[in-house]
Protein chains: 2
Amino acid sequence: MSQIQQASIQNRLLRALTSDDFSRLQPHLETMTSQLREDLIEAGEPIKELYFPEVGFASIVIDGLAQKIEVGLVGREGLVGAAPLLLGTDCTPQQSFIQMAGTLLRIDAGVLRIAAQESTSLRTLLLRYIHTQMIQASLTIYAHAALKLESRLARWLLMCHDRVDGDELVLTHEFLAMMLGVQRAGVTLALQNLEGAGRIQGRRKRIRILDRDKLLQLVNGSYGAAEAEYARLIGGA
Amino acid sequence: MSQIQQASIQNRLLRALTSDDFSRLQPHLETMTSQLREDLIEAGEPIKELYFPEVGFASIVIDGLAQKIEVGLVGREGLVGAAPLLLGTDCTPQQSFIQMAGTLLRIDAGVLRIAAQESTSLRTLLLRYIHTQMIQASLTIYAHAALKLESRLARWLLMCHDRVDGDELVLTHEFLAMMLGVQRAGVTLALQNLEGAGRIQGRRKRIRILDRDKLLQLVNGSYGAAEAEYARLIGGA
DNA sequence: ATTTTTTGGTTCGATGGCGAACAATAATTT
DNA sequence: AAATTATTGTTCGCCATCGAACCAAAAAAT
């Protein structure tokens, strides 16, 4: 039974906890590795466990009649399952699964629910995180309603980049297309544009971010506000 | 100083309160009329008051650089300002304003914040409402990403219809276009299609809902889940 | 009653993304 | 090494929506 030290943790929420709150959760955190496309939370199923990503990240999607569309991204800044648990429901019509494999810290839902009831500081922190998720969702609405594919793609690459170590994203055009709700060929073309302008560099199953600033010039205000709220309410990187 | 009776209230959240919680809030509720396009909460400004719509409803929008896009709708099922207040922030990058004029019950933010701290049942109810807002936002993402204008319009009309008395919506094509993030001419054409199929009937500044079922056939799963969550977690109409 | 403003109807070319193929290349399996 | 599969590149016609006008009708203002 290895002791997990707060200082050695990647997850920004766990790092932002008071040491009291951390001590409360620490005995219940279990390290696990995640597999690509592994389901963490299934739509309509009772939530038994929540997951603090340490490396890699998850997608929250809504499964419409036609397609699965991504409505949120949870990496080391977050907690998978936070919203349903803290907002008082045991299940949700959304689904969460691993989008980039890595490691997670798993915690039992009941334990976390009680901890959040007992500790105001823990509850406040997690609710603030949920606020940043709502802002993120608002901007996703804006992006889909107002922006062209190339801009939405730039936004998505930036959000992805924030959640990995290094500059290389491992994912296929096919998958990107699914998340953004467009066809795969369109993603290929948009990526080629971005690559031509020196913003990224693509290889098979890999996209390397070369120039964040140039990507930021494309996003038309759809990136940044949620991240600013996170910094303001929860804390620095 | 007129006493407001819980039984005579339209707002579904207030009706769903325990009588203890209602008694706690009741002395602080002030009836006011709302004007079309009146700002209730401004982006980036401290939130001083919250509003329970009784008649009419408000829009939550996010103001990107180019356009204002609607990200939420708050009528008598909700509370304007609930999310920022309960999630622990005094301001938010979103803006809320009256979309259909009517009456509101206003309450001081500090009073409500303290009441929510002291009463678990009140806090739980409001957090559950926020959950339904998040589901609504998820489906809005889905609608913008996956559906054509006619379907999104049908969805919006249904959500609107849920929040008014009677079958007549008072709003202009111009305004609808702004909320949906499309051009006005497109709205006119889509409304003509809906009208031709006997689903609605349009007059100047007025849209009458004739056949909800036929509208439901168009929405492709983008309407219903949030309303179901509301019914499940908060209660019937 | 006349003028002005607001709202809705209509049309035009331009274009972004769809839908559907099929080819080319890299990775994986046998 | 050969065969198979997964991934990416490319193209073509099509359609929804854009962007931009302009007009008609209704309401509001004078």
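Protein chains get the first letters and strands the later ones, always in sequence-line order, with residue 1 at the start of each.
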Under 3.5 Å, sequence neighbours excluded: what are the donor-acceptor pairs made by side chains of residues 192-204 of chain B?
residue, atom, partner, partner atom, Å
B/Glu195, OE1, B/Gly202, N, 3.4
B/Glu195, OE2, B/Gly202, N, 3.2
B/Arg199, NE, B/Lys214, O, 3.0

Which residues share a salt bridge (Lys or Arg N to Asp or Glu O under 4.0 Å) with [X], sequence neighbours left out:
X        : value
A/Arg232 : A/Glu229, B/Asp90
A/Arg37  : none
B/Asp165 : B/Arg76
A/Arg128 : none

For residues 57-68 of chain B, please give each side-chain donor-acceptor pair under 3.5 Å, one per line with the distance, not counting sequence neighbours.
residue, atom, partner, partner atom, Å
B/Ser59, OG, B/Glu70, OE2, 2.3
B/Ser59, OG, B/Gln99, NE2, 2.3

Using residues 171-183 of chain A as the side-chain source, report each donor-acceptor pair under 3.5 Å to any protein atom, sequence neighbours left out, with the distance given to one decimal.
residue, atom, partner, partner atom, Å
A/Thr172, OG1, A/Phe175, N, 3.1
A/His173, ND1, A/Thr188, OG1, 2.9

Legend entry - Axis-to-axis angle between the two ends of the helix from C/dA1-D/dT30 to C/dT30-D/dA1 (five base pairs per end, rounded to 10 degrees): 40°
Let me have the donor-acceptor pairs involving side chains of residues 142-154 of chain A, under 3.5 Å, with sequence neighbours excluded, atom names and distances please.
residue, atom, partner, partner atom, Å
A/Tyr142, OH, A/Asn220, O, 3.3
A/Ser151, OG, A/Leu218, O, 2.8
A/Arg152, NH1, A/Leu147, O, 3.4

To the nearest Å, give me how far apart [atom1] ([X]) and [atom2] ([N]) are.
X        : N      : atom1 : atom2 : answer
B/Ile207 : C/dT7  : CD1   : C1'   : 12 Å
B/Leu176 : D/dT17 : CG    : P     : 14 Å
B/Asn193 : C/dG8  : CG    : C1'   : 15 Å

Legend entry - Any donor-acceptor N or O pair under 3.5 Å, side chains B/Asn11, B/Tyr51: no
Inset, instruction - Sugar-phosphate means primed atoms, P, OP1 and OP2; the rest is base. With that split, encode nucleotides 6-12 of chain D 5' to 3' as B, S or - using protein heavy atoms under 4.0 Å. - result: BBBBB--
Inset, instruction - Name every residue in residues 140-149 of chain A that has at least one heavy atom under 4.0 Å from any atom of DNA chain D, in order of residue number, or write none if there are no such residues. - result: none
Legend entry - For A/Asp39, all residues meeting side chain to side chain contact (heavy atoms under 4.5 Å, CB included), sequence neighbours excluded: A/Glu42, A/Gln95, A/Phe97
